[in-house]
Amino acid sequence: MLTLYYAPGACSMASHIVRTDAYLKINPLGRVPALRLDNGDPLAENTAILPYLGKRFGLWPADAIAEAKALALIGFFATSVHPAHAHVGRPERYTADTSAFPGIKDMGLKTFHTYLKQIDGMLAGREWLSDRYSVLDPYAFVFYTWGVRRELPMAELKNYTAHKDRLVKRPAAARVVADEKVKV
């Protein structure tokens, strides 16, 4: 049976679970998310977990070119969008100089907003990020909710907002939004 270990909301709230001895046995890197596979092995990082789940549950492109594009998008999310947001919420990761925190946060927020606009552009004329609903869409949804939390003008991102509206109509997404009290 698959078991997902995560922290509701954002990775910045994950520290209370990821450094416990019990969790470090699951994922020695001490990061979330982590997925315990049916055979008991742990699998960590969205860049591995999402393709695995997508392939297992039919939410991943079958075509080689579409798969490469999906991997590229997951890479962009994991190495650009997510770290930009981390600059806003966790400036201490980037410097010990507390006087630099405001500048790091400001630039992180600007960069994060720029990436959200790029995602909006990717969604122009399409319902989903791939040719159909896939694991890419909930991943993108997380960043939308972070934009809402940071009080960015998300309604101006018409394509992304329409994507969010479609996604929250899906039962699993609606359940997570309600359970975690996610502001959308």
Side-chain angles (χ1 to χ4, degrees), residues 4-20 23-24 27 29-35 44-51 70-124 128-129 134-168 172-184:
L4 179 65
Y5 299 90
Y6 69 102
C11 63
S12 61
M13 292 187 279
S15 60
H16 67 280
I17 69 164
V18 299
R19 294 294 173 201
T20 65
Y23 188 74
L24 289 173
N27 182 4
L29 298 175
R31 295 177 45 98
V32 291
L35 181 68
E45 302 295 336
N46 279 329
T47 53
I49 293 170
L50 292 175
L71 288 168
L73 188 54
I74 285 176
F76 169 65
F77 288 168
T79 64
S80 297
V81 183
H82 192 162
H85 186 266
H87 282 76
V88 180
R90 305 277 306 272
E92 69 277 4
R93 284 182 169 179
Y94 306 99
T95 184
D97 179 1
T98 58
S99 69
F101 287 5
I104 291 170
K105 288 180 175 188
D106 183 56
M107 185 52 100
L109 190 61
K110 288 177 184 171
T111 303
F112 181 66
H113 191 210
T114 297
Y115 290 144
L116 297 181
K117 291 176 187 177
Q118 290 175 349
I119 296 168
D120 182 66
M122 292 174 196
L123 287 161
W128 307 112
L129 287 163
S134 72
V135 294
L136 301 171
D137 299 297
Y139 198 8
F141 174 70
V142 169
F143 303 125
Y144 187 96
T145 66
W146 291 357
V148 170
R149 184 183 325 148
R150 297 294 177 194
E151 299 180 350
L152 292 173
M154 297 306 292
E156 293 176 5
L157 306 178
K158 301 294 184 199
N159 303 311
Y160 207 172
T161 298
H163 176 264
K164 176 265 302 180
D165 291 342
R166 282 187 294 278
L167 196 127
V168 297
R175 187 172 49 253
V176 169
V177 166
D179 289 351
E180 296 187 16
K181 297 172 181 52
V182 176
K183 188 175 176 185
V184 294

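In this text the structure is predicted, and so the values were computed from the model without any measurement. We count residues from 1, following the sequence as given.
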Contact check, side chains of Pro153 and His113, non-hydrogen atoms, under 4.5 Å: yes
Donor on one side chain, acceptor on other, Ser99 and Asp97, under 3.5 Å: yes
Exercise: identify the closest heavy-atom pair between Ala78 and Pro83: O-CD, 3.3 Å
Residues Tyr94, Phe101; criterion side-chain contact (heavy atoms from CB on, under 4.5 Å); working and verdict: CA-CA 9 Å; Tyr94 306 99; Phe101 287 5; over 6 Å; no
Main-chain N/O of Trp128 paired to Asp137 side chain as donor or acceptor, under 3.5 Å: no
Nearest-0.5 Å distance, CG of residue Asp106 to CD1 of residue Ile104: 11.0 Å
Pairwise side-chain contact, Phe143 with Phe112, heavy-atom cut-off 4.5 Å (strictly under): yes
Nearest heavy-atom neighbours spanning Leu136 and Ile74: CD2-CG1, 3.5 Å
CG-CG distance between Leu129 and Leu123, expressed to the nearest 0.5 angstrom: 4.5 Å
Separation of Glu151 CD from Lys183 NZ (nearest 0.5 Å): 6.0 Å
Heavy-atom side-chain contact between Ile119 and Phe77 under 4.5 Å: yes
Inter-residue atom distance Thr161.OG1 - Leu157.CG, 0.5 Å rounding: 6.0 Å
For Asn46 against Pro33, the heavy-atom pair lying closest together: OD1-CG, 3.3 Å
Step-by-step side-chain contact (heavy atoms from CB on, under 4.5 Å) determination, Val182 to Tyr144: CA-CA 11 Å; Val182 176; Tyr144 187 96; over 6 Å; no
Worked check of side-chain contact (heavy atoms from CB on, under 4.5 Å) between Val184 and Val148: CA-CA 6 Å; Val184 294; Val148 170; 5.7 Å; no
Considering all heavy atoms, the nearest Ala84-Thr111 contact: CB-CG2, 3.9 Å
Donor-acceptor pair, side chain of Thr145 and main chain of Val142, under 3.5 angstrom: yes
Ring geometry between Trp146 and His82 (parallel below 30°, tilted from 30 to 60°, perpendicular above 60°): perpendicular
Donor-acceptor contact below 3.5 Å, side chain Asp120 vs main chain Asn159: yes
Stepwise side chain to side chain donor-acceptor pair (under 3.5 Å) test for Arg93 and His87: CA-CA 8 Å; Arg93 284 182 169 179; His87 282 76; over 6 Å; no
Lys/Arg-Asp/Glu bridge criterion (N-O < 4.0 Å) met for Glu156, Lys158: no
Check against side-chain contact (heavy atoms from CB on, under 4.5 Å), Leu109 and Lys105: CA-CA 6 Å; Leu109 190 61; Lys105 288 180 175 188; over 6 Å; no
Spacing of OG1 belonging to Thr47 relative to CG belonging to Leu71, to within rounding of 0.5 Å: 9.0 Å
Rounded distance (nearest 0.5 Å) linking atom CE of Met107 with atom OG1 of Thr114: 9.0 Å
Donor-acceptor pair, side chain of Tyr160 and main chain of Met122, under 3.5 angstrom: no
